[in-house]
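Because the structure is a prediction, the values reported are computed rather than measured.
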Amino acid sequence: MIAFVSGPVAALAPDAAVVEVGGIGMAVQCSPGTLSGLRVGQQARLATSLVVREDSLTLYGFADDDERQTFELLQTASGVGPRLAQAMLAVHSPDALRRAFAAGDEKALTAVPGIGKKGAQKLLLELKDRLGKPAGSAAPAAAPAAAGWQDQLHAALVGLGYAPREADEAVTTVAPQAEAVAADGGTPQVGQLLRAALQTLNRAR
């Protein structure tokens, strides 16, 4: 198993990064929050999980070991594959997921694209005791996003299955939130904006 990759970032895409390892470019599927902390040409170290299928080998990358372990534990539930597990981590941090499962919070799970009410109830039953106890602290802040947060957020929403038109509307809706952060001298964070955008999309449906 490939536990991690380390090296300069050779390229970034809406849902993946290419990390150069020993002269080989390793394509790693990543969540928007993880991608927002990477920069082309800079060194990166990503915890990884290799998913083997009959017709493919896919490497998933994470900011730390906690995310990777949560990703793998989520897939122990029936019906949860790597894409859905990654979508859950795109919306919630590992500790936020632990809090949701500990509290039986269906609403938090249905905020993830692809999880309905019945699916959330099933996941709560299967995973309640598998993820461990929450740390009890607030979720860590997402890594600062690059200036083009709109493009990153739009690509993340499309990658999660929303239509480009829906993604456009959601980006417009959360723009005042991002502008307020920038006006205070901060940097809009894609992870936080993604959560806000998903809430507006769920209300619209």
Side-chain angles (χ1 to χ4, degrees), residues 9-19 27-42 44 46 58 60-63 67 71 74 79-94 96-97 100 105-120 123 139-205:
V9 178
L12 291 171
D15 61 351
V18 177
V19 179
V28 187
Q29 300 291 311
C30 302
S31 70
T34 299
L35 289 170
S36 69
L38 303 179
R39 300 290 181 271
V40 173
Q42 293 186 5
L46 297 173
T58 307
Y60 289 84
F62 309 92
E67 277 194 5
F71 171 80
L74 289 171
V80 178
R83 285 291 183 184
L84 183 56
Q86 190 176 55
M88 293 171 75
L89 285 166
V91 178
H92 300 294
S93 69
L97 283 173
D105 189 351
E106 290 181 19
K107 188 175 180 181
L109 296 184
T110 56
V112 179
I115 299 180
K117 184 177 177 63
K118 289 185 178 179
L123 286 172
W149 65 265
Q150 298 98 330
D151 292 338
Q152 291 189 44
L153 180 58
H154 188 276
L157 291 167
V158 171
L160 288 171
Y162 288 97
R165 178 185 57 78
E166 292 179 302
D168 287 336
E169 293 173 355
V171 170
T172 300
T173 301
V174 302
Q177 178 179 331
E179 290 165 1
V181 171
D184 289 338
T187 302
Q189 297 176 341
V190 173
Q192 292 178 355
L193 294 172
L194 178 61
R195 294 181 183 94
L198 288 169
Q199 289 176 355
T200 65
L201 287 165
N202 287 334
R203 284 197 296 268
R205 286 187 167 182

_Heavy-atom pair with the smallest gap, counting every atom of L38 and A44_ = CD2-CB, 3.7 Å
*Minimum heavy-atom separation for T34 to E67, with atom names?*
OG1-OE1, 3.6 Å
*Hey, what do you get for CD (Q150) to CG (D168), rounding to the nearest 0.5 Å?*
11.5 Å
*Shortest non-hydrogen contact from L89 to P94?*
CD2-CG, 4.0 Å
*Supply the atom-to-atom distance D15 CG to Q86 CD, rounded to the nearest 0.5 angstrom.*
7.5 Å
*asked:* Donor-acceptor check, side chain of R39 to backbone of S36, threshold 3.5 angstrom: yes or no?
replied: yes
*Please name the pair of heavy atoms, one in A17 and one in L12, separated by the smallest distance, quoted to 0.1 Å.*
CB-CD2, 3.7 Å
_Please find the pair of heavy atoms, one from P32 and one from L194, that lie closest to each other, and give the distance._
CG-CD2, 4.1 Å
*asked:* Treating Q177 as the side-chain partner and V174 as the backbone partner, does any N or O pair qualify as donor plus acceptor under 3.5 Å?
replied: no
_Going by side chain to side chain donor-acceptor pair (under 3.5 Å), name the residues that satisfy it together with K117, two or more places apart in sequence or in a different chain._
E106
_Tell me every residue that passes salt bridge (Lys or Arg N to Asp or Glu O under 4.0 Å) with E169, counting only those two or more places apart in sequence or in another chain._
R165
*Can you tell me how far the OG1 atom of T110 sits from the CG atom of L198, to the nearest 0.5 Å?*
11.0 Å
*Can you tell if the side chain of L46 reaches within under 4.5 Å of the side chain of C30, non-hydrogen atoms only?*
yes
*Please tell me if the side chains of P113 and V91 come closer than 4.5 Å, counting only heavy atoms from C-beta onward.*
yes
*Heavy atoms only: give me the nearest A108-H92 pair and the separation to one decimal.*
O-NE2, 2.7 Å
*For the side chain to side chain contact (heavy atoms under 4.5 Å, CB included) test, which of L84, L97, L123 pairs with L74?*
L97
*With F71, which residues qualify under ring-ring contact (aromatic ring centres under 6.0 Å, His included), at least two apart?*
Y60, F62
